[in-house]
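Chain identifiers are assigned alphabetically (A, B, ...) following the order of the sequence lines, protein sequences preceding nucleic acid strands; residue numbering begins at 1 within each chain.
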There are 2 protein chains.
Amino acid sequence: MSSLSDKIEKYLRNLIKRYEGEVEIKRNRLADDFDCAPSQINYVLDTRFTVERGYIIESRRGGGGFVRIIKVKLTSENEAMKNIIKQLEGPIKPKEAKGIIKRLHENNLIKKRDRILIEAAVSKDSIGFENDDKNLIRTQVLKNTLKAIFKS
Amino acid sequence: MSSLSDKIEKYLRNLIKRYEGEVEIKRNRLADDFDCAPSQINYVLDTRFTVERGYIIESRRGGGGFVRIIKVKLTSENEAMKNIIKQLEGPIKPKEAKGIIKRLHENNLIKKRDRILIEAAVSKDSIGFENDDKNLIRTQVLKNTLKAIFKS
DNA sequence: TCTTTATTTGACTTTTTTTGACCTTCTAAT
DNA sequence: ATTAGAAGGTCAAAAAAAGTCAAATAAAGA
């Protein structure tokens, strides 16, 4: 009944548990074990091991390549960060964005420099073209920069 | 299973540490030890012991030849790069943006974290809505984040 | 059923590493 | 001064992985 993706997810979760939050796999090897297309591994990674769920993916191509899955330790800080990222949806206006960033900084979730940078990125000045999607783009930029911080 | 290049890198790093930042090897001898083509040593040197990472390579051919790896302190901002920023105009595609950011980082004008953040901000993922102005928005975001950094 | 969402597959792309053939430079012996 | 042999350098092809994207199926909801 459970899909193949579910099985792969389960398998990986077990591995991660066994290896204390960090595991390295060979994508093609794993695909072979589960007898599926390699890109299915990516699908599982993209849908189940996301930042929102507290995972970071690193990888390398070429000889000796790998995919590494890291379970982020949930301190209250990055737990909070995760939730905030999860909740960033729909259009966000410049002022709202600024408010969000301000609070993140005040709560020590991002550094001063991060704040300056992200504020600039989502400012009216940056994303100001008269354009239907601009507030949605702003949301994406905000979300992705925060994710980047989470990952680093 | 890390690649052969990784192993060679590791070996060399250890040597360098042991000999306080400077070490001399025989390329062919080393290649022989690792059972690989001599040019692979060059590959490792070119990709892992670069100037950006703070290494200088010296060498001599012929009898008694050698390759010397020296770890240096990386210095000196490149003023010229600031002009490049000034010249950021017109639509910029995701890959171009990535290249620009990479160079800024390699020239020590922005920190690693800045790079990661800005890359996230201007990524296809952030500014990817099917939209005529997206590459212009990207330019603005890039420009404004960089300005923000220089002001700080 | 009909429509929407999630999964599976596969062709094609990009990145990174490995290998090898050929080139250049240096030392030392003639 | 010439030259053989010893190093190291270059460059590009082949191989090894992983990534992307979209079409085809399957499952879930209305």
Side-chain angles (χ1 to χ4, degrees), chain A residues 1-12 23-53 55-70 89 144 151, chain B residues 1-12 23-53 55-70 93-99 101-102 119-120 123-130:
Chain A
M1 76 130 272
S2 73
S3 71
L4 181 51
S5 288
D6 288 341
K7 288 188 191 110
I8 296 172
E9 178 189 6
K10 209 166 186 179
Y11 171 77
L12 288 175
V23 85
E24 210 173 283
I25 58 162
K26 295 274 180 187
R27 187 185 73 148
N28 288 356
R29 171 78 201 293
L30 186 58
D32 221 56
D33 289 352
F34 280 91
D35 199 29
C36 65
S39 55
Q40 177 134 22
I41 306 301
N42 296 81
Y43 176 73
V44 174
L45 259 24
D46 291 346
T47 54
R48 278 104 156 138
F49 294 88
T50 63
V51 168
E52 285 85 354
R53 300 193 191 188
Y55 294 91
I56 293 170
I57 307 294
E58 290 174 346
S59 69
R60 190 138 100 228
R61 308 185 187 193
F66 60 83
V67 173
R68 188 180 296 139
I69 311 171
I70 303 165
E89 281 181 13
N144 280 307
K151 287 187 196 169
Chain B
M1 234 289 264
S2 66
S3 69
L4 181 52
S5 289
D6 288 342
K7 289 189 191 108
I8 296 171
E9 177 189 6
K10 211 166 187 179
Y11 171 76
L12 289 175
V23 86
E24 212 172 283
I25 57 163
K26 295 272 180 189
R27 187 184 74 148
N28 288 355
R29 173 75 203 293
L30 186 57
D32 221 56
D33 288 352
F34 280 92
D35 198 28
C36 65
S39 56
Q40 177 134 25
I41 306 302
N42 296 81
Y43 176 72
V44 173
L45 259 24
D46 290 347
T47 54
R48 277 104 157 137
F49 294 89
T50 62
V51 171
E52 294 93 49
R53 299 194 191 186
Y55 294 91
I56 292 172
I57 307 295
E58 290 175 350
S59 67
R60 185 127 86 236
R61 309 185 186 194
F66 60 84
V67 173
R68 189 180 296 140
I69 310 172
I70 306 166
K93 296 202 204 74
K95 274 190 188 158
E96 294 167 342
K98 216 171 165 191
I101 299 162
K102 184 178 170 212
E119 276 185 0
S123 71
K124 210 174 159 186
D125 223 18
S126 288
I127 308 174
F129 282 87
E130 211 25 82

Whole angstroms only, please: what is the CD-P distance between A:Glu9 and C:dA6? 14 Å
Report the distance from atom NZ of B:Lys26 to atom P of C:dC26, rounded to the nearest whole Å. 15 Å
For A:Thr47 and C:dA6, is the shortest distance between a side-chain N/O and OP1 or OP2 below 4.0 Å? no
For DNA chain C, whose closest nucleotide is more 5', that of A:Arg48 or that of A:Ala37? A:Arg48
Answer with base, sugar-phosphate or nothing: what part of the nucleic acid does A:Arg29 contact at a heavy-atom distance below 4.0 Å? nothing
Neighbour count >12 (heavy atoms, 6.0 Å) for atom CZ, A:Arg29: no
From CZ of A:Phe66 over to C1' of D:dG19, roughly how many Å is that when rounded to an integer? 14 Å
Take the protein atom CG of B:Asn28 and the nucleotide atom P of D:dG5, then report the distance between them rounded to whole Å. 17 Å
In terms of heavy-atom contacts, A:Arg53 and A:Glu9 come closest through NH1-OE2, 4.2 Å
Got more than 12 heavy atoms from elsewhere within 6.0 Å of CZ, B:Phe34? yes
B:Gly63 or A:Tyr43, whichever maps to the more 5' nucleotide of DNA chain C: A:Tyr43
Whole angstrom value for the distance that separates P of C:dC26 from CZ of B:Arg27: 15 Å
OP1, OP2 of D:dA27 versus side-chain N and O of A:Ser3: anything below 4.0 Å? no
Separation of C:dT19 atom C1' from B:Leu4 atom CG, nearest Å, is 11 Å
Base, sugar-phosphate, or nothing: which does A:Arg68 touch, judged by heavy atoms less than 4.0 Å apart? nothing
Please work out if A:Ile41 contacts a base, only the sugar-phosphate, or nothing of the nucleic acid, heavy-atom cut-off 4.0 Å. nothing
Side-chain ion pair, B:Asp6 and B:Lys10, N-O less than 4.0 Å: no
Looking for any heavy atom pair under 4.0 Å, which part of the strands does B:Gly65 touch: base, sugar-phosphate only, or nothing? sugar-phosphate
Under 4.0 angstrom between B:Lys124 side-chain N/O and D:dC21 OP1 or OP2: yes
Let me know the distance between CD of B:Gln40 and P of C:dT18, rounded to the nearest Å. 4 Å
Roughly, in whole Å, what's the span from CZ in B:Arg61 to C1' in D:dG5? 15 Å
Checking all strands, does A:Ser39 fall into the base, sugar-phosphate, or nothing category for heavy-atom contacts under 4.0 angstrom? base
Could a donor-acceptor pair under 3.5 angstrom be found where the side chain of A:Arg60 meets the base of C:dT16? no
Tell me, yes or no, whether the heavy-atom count around B:Arg60 atom CZ, taken from other residues, nucleotides or ligands under 6.0 Å, exceeds 12. no
